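Here's the structure, in structure tokens; my notes come after.
Everything quoted here is computed from the prediction, not taken from an experiment.
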Amino acid sequence: MMIKLGIIGMSPGNAHPYSWSSIINGQFDAGEIIKAGYPAVADYLQVNQDTLGIPHARVARVWTQDELLSRSIARSAGIDRVVENMEDMVSEVDAVILARDDPHQHVQMAHPFIEAGIPLFVDKPLAATIEDLKWFRQAVQAGKKLMSCSSMRYAAECRTAKTELPGLGNISFVSAVGKKDWLKYGVHMLEALFFLLDDPRPVRVKHIGTAEKASVQVRFESGIHAMVHLIDDISPTFQLHVYGKQHWKFIDIRNSYAMFRQNIQSFLQFVETGVSPIEFYKTDQIIQVVIAGILSYENGGQEIQLPLTI
């Protein structure tokens, strides 16, 4: 069965509508992508051109808040039609990818598809407030088909490292460092961290940094302590150090294309089977840590207890 997909939304600095549509449809226009301001995306699509395309799926509809931008994405990835309103997709596609990474827009944009029972992937982070997270949680509890995560969960570097973790001995500390801000990019580091540790239960969060240099302590029920640093003015990086009683492990995450492709395939598996490859409580825990980091910063570094309540 060919799965017809719609892709919606575009936010500054996030090229997923271009890159994910190209990965699925198997084509791209480097000139369009560079003109939109994403030369690095054109580069990795070019390098991986021989693996582009997912045979049983196609992005057939696109909508963004800017019609010219929508038409550029459509030209680049060979998308059949730009719709005038995103709600027009409800009767025309089998599933939707919400490709904005500004979470304050997510509930509003997800609503028509959640209500219609259309399987939906929401770009990271799912939510930035406990009220919005609760809305998504209730949708899942009502049987709606929702998936959200950072592609870091599918990073090949993390999966390889995970097979080596037993050799480190009892793990007590993890350090994670990434570029940019806590809200949109802290979730990347958290997704990798939680995947490596088999999604442990977080119990306390404390933000001890600044807006430009976030340093967030995360303590887990298991006793593991993590420090997650998001620094705006450093060279782009996603890296983790895992420290055990016997040894330590350094993980340098670089292959964005491979993790994006695997994330897309995981969502398509969800569309086909109706069974989410990521139990929602795992996403819920990670987003609670993101929100707790924000609350801690807003309250002068106060330690926030989890789970959050409304």
(message) Please determine whether the number of non-hydrogen atoms from other residues, nucleotides or ligands lying under 6.0 Å from atom CZ of R254 exceeds 12.
(response) no
(message) Could you go through D123 and L98, starting from their C-alpha distance and side-chain angles, then the distance that decides it, and tell me whether this counts as side chain to side chain contact (heavy atoms under 4.5 Å, CB included)?
(response) CA-CA 6 Å; D123 200 3; L98 199 175; 5.8 Å; no
(request) Would you confirm whether K179, through its side chain, and D232, through its main-chain N or O, come within 3.5 Å as a donor-acceptor pair? (result) yes
(message) If we count only N and O atoms by modelled type, under 3.5 Å, do the side chains of Q217 and R204 hold a donor and an acceptor together?
(response) no
(request) Identify which one of I79, L5, D80 satisfies the side-chain contact (heavy atoms from CB on, under 4.5 Å) criterion when paired with R58. (result) D80
(request) Identify the two heavy atoms, one from P202 and one from V218, that lie closest to each other, and give their separation to 0.1 Å. (result) CB-CG1, 4.2 Å
(request) Tell me, please, which residues at least two apart from K180 pass salt bridge (charged side-chain N to carboxylate O under 4.0 Å, His left out). (result) none
(request) For D199 and K282, indicate whether the former's side chain and the latter's backbone hold a donor-acceptor pair under 3.5 Å. (result) no
(request) Rounded to the nearest 0.5 Å, what's the gap from CD1 on I171 to NE2 on H225? Could you check? (result) 15.0 Å
(message) Testing the 3.5 Å rule here: is there a donor-acceptor pair between the side chains of S72 and E32?
(response) yes
(request) Hey, could you give me the OG/CG distance between S11 and D102, rounded to the nearest 0.5 Å? (result) 4.5 Å
(message) The test is side chain to side chain contact (heavy atoms under 4.5 Å, CB included); show your working for F220 and L193 and say whether it passes.
(response) CA-CA 12 Å; F220 295 95; L193 170 65; 4.3 Å; yes
(message) Is there a path of hydrophobic side-chain contacts, each under 4.5 Å between heavy atoms of I/L/V/M/F/W/Y residues, joining I97 to V83?
(response) yes
(message) Measuring from atom NE2 of H188 to atom CG of L230, what distance do you get when rounded to the nearest 0.5 angstrom?
(response) 9.5 Å
(message) Would a single hydrophobic cluster contain both V203 and I304, if residues Ile, Leu, Val, Met, Phe, Trp and Tyr are joined by side-chain heavy-atom contacts under 4.5 Å?
(response) no
(message) If we ignore hydrogens and angles and just use 3.5 Å, is the side chain of Q239 paired with the main-chain N or O of A176 as donor and acceptor?
(response) no
(request) Please check if the side chain of N14 supplies one atom and the backbone of A99 the other of a donor-acceptor pair under 3.5 Å. (result) yes
(request) Compute whether any side-chain donor of one residue and acceptor of the other, for Q49 and Q46, lie under 3.5 angstrom apart. (result) yes
(request) Decide whether S150 and Y185 meet the rule of one side-chain donor and one side-chain acceptor closer than 3.5 Å. (result) no
(request) State the NE2-CD1 distance between H16 and I73, to the nearest 0.5 angstrom. (result) 12.5 Å
(request) State whether a side-chain donor-acceptor pair under 3.5 Å links S70 with T64. (result) yes
(request) Consider only side-chain N and O atoms of Y243 and S172, and report whether a donor and an acceptor are under 3.5 Å apart. (result) no
(message) Under the rule for salt bridge (charged side-chain N to carboxylate O under 4.0 Å, His left out), what residues qualify as partners of R159, not counting sequence neighbours?
(response) none
(request) Ignoring hydrogens and angles, tell me if any N or O in the side chain of R153 forms a donor-acceptor pair with the backbone of F194 under 3.5 Å. (result) no
(message) Treating T163 as the side-chain partner and T160 as the backbone partner, does any N or O pair qualify as donor plus acceptor under 3.5 Å?
(response) yes
(message) I'd like to know if the side chain of R261 reaches the main chain of T51, judged simply by a donor and an acceptor atom lying under 3.5 Å from each other, with no hydrogens or angles considered.
(response) yes
(message) Which heavy atom of K184 sits nearest to which heavy atom of P125, and what is that distance?
(response) CA-CD, 4.2 Å
(request) Quick one: do E191 and I286 satisfy side chain to side chain contact (heavy atoms under 4.5 Å, CB included)? Show the steps, please. (result) CA-CA 7 Å; E191 196 85 53; I286 290 171; 3.4 Å; yes
(message) So does I231 get a backbone contact from the side chain of E212, meaning a donor-acceptor N/O pair under 3.5 Å?
(response) no
(message) Please check: side-chain N/O of D101 versus main-chain N/O of K124, any donor-acceptor pairing under 3.5 Å?
(response) no
(request) Compute the ring centroids of F121 and W20, then answer whether they are less than 6.0 Å apart. (result) yes
(request) Is it possible for you to say whether M227 and V177 belong to one hydrophobic cluster, with membership spreading through side-chain heavy-atom contacts below 4.5 Å? (result) no
(request) Take atom CD of Q108 as the centre, draw a 6.0 Å sphere, and report whether it contains more than 12 heavy atoms from other residues, nucleotides or ligands. (result) no
(message) Tell me whether the count of non-hydrogen atoms from other residues, nucleotides or ligands lying under 6.0 Å of NE2 in H56 goes above 12.
(response) yes
(message) Can you tell me if E67 has over 12 outside heavy atoms packed within less than 6.0 Å of its CD?
(response) no
(request) Verify whether one side chain among S151 and N263 offers a donor that lies under 3.5 Å from an acceptor in the other. (result) yes
(message) Please find the pair of heavy atoms, one from I278 and one from M147, that lie closest to each other, and give the distance.
(response) CD1-CE, 4.0 Å
(request) List the atom of W182, the atom of A214, and the distance in Å for their closest heavy-atom pair. (result) CB-CB, 4.0 Å
(message) For F136, does the six-membered ring have the charged nitrogen or CZ of K144 within the cation-pi criterion, i.e. under 6.0 angstrom from the centroid and within 45° of the normal?
(response) no
(request) Could you tell me the separation between the NZ atom of K206 and the CD atom of Q302, rounded to the nearest 0.5 Å? (result) 9.5 Å
(request) Give a yes or no on whether M1 and I54 share a hydrophobic cluster (residues Ile, Leu, Val, Met, Phe, Trp, Tyr; joining criterion: side-chain heavy atoms under 4.5 Å apart). (result) yes
(message) For the residue pair K162 and F195, would you count it as a cation-pi contact if the rule is NZ or CZ under 6.0 angstrom from the ring centre and within 45 degrees of the ring axis?
(response) yes
(message) Grouping I, L, V, M, F, W and Y whenever their side-chain heavy atoms are under 4.5 Å apart, do Y297 and V205 come out in a common cluster?
(response) no
(request) Verify, without hydrogens or angle tests, whether D29 (side chain) and G31 (backbone) share a donor-acceptor contact under 3.5 angstrom. (result) yes
(request) Give the minimum heavy-atom separation between Q285 and R201, together with the two atoms involved. (result) OE1-CA, 3.5 Å
(request) Could you tell me the separation between the NZ atom of K249 and the NE2 atom of H241, rounded to the nearest 0.5 Å? (result) 10.5 Å
(message) Please give me the minimum heavy-atom distance between A128 and I294, naming the atom from each residue.
(response) O-CD1, 4.1 Å
(request) Report yes or no: do D132 and H106 form a side-chain donor-acceptor pair below 3.5 Å? (result) no
(message) Let's go through L120 and K145 carefully: what are the C-alpha distance in whole Å and the side-chain angles of both, what is the deciding distance for side chain to side chain contact (heavy atoms under 4.5 Å, CB included) to 0.1 Å, and is it a yes or a no?
(response) CA-CA 6 Å; L120 179 68; K145 295 177 180 178; over 6 Å; no
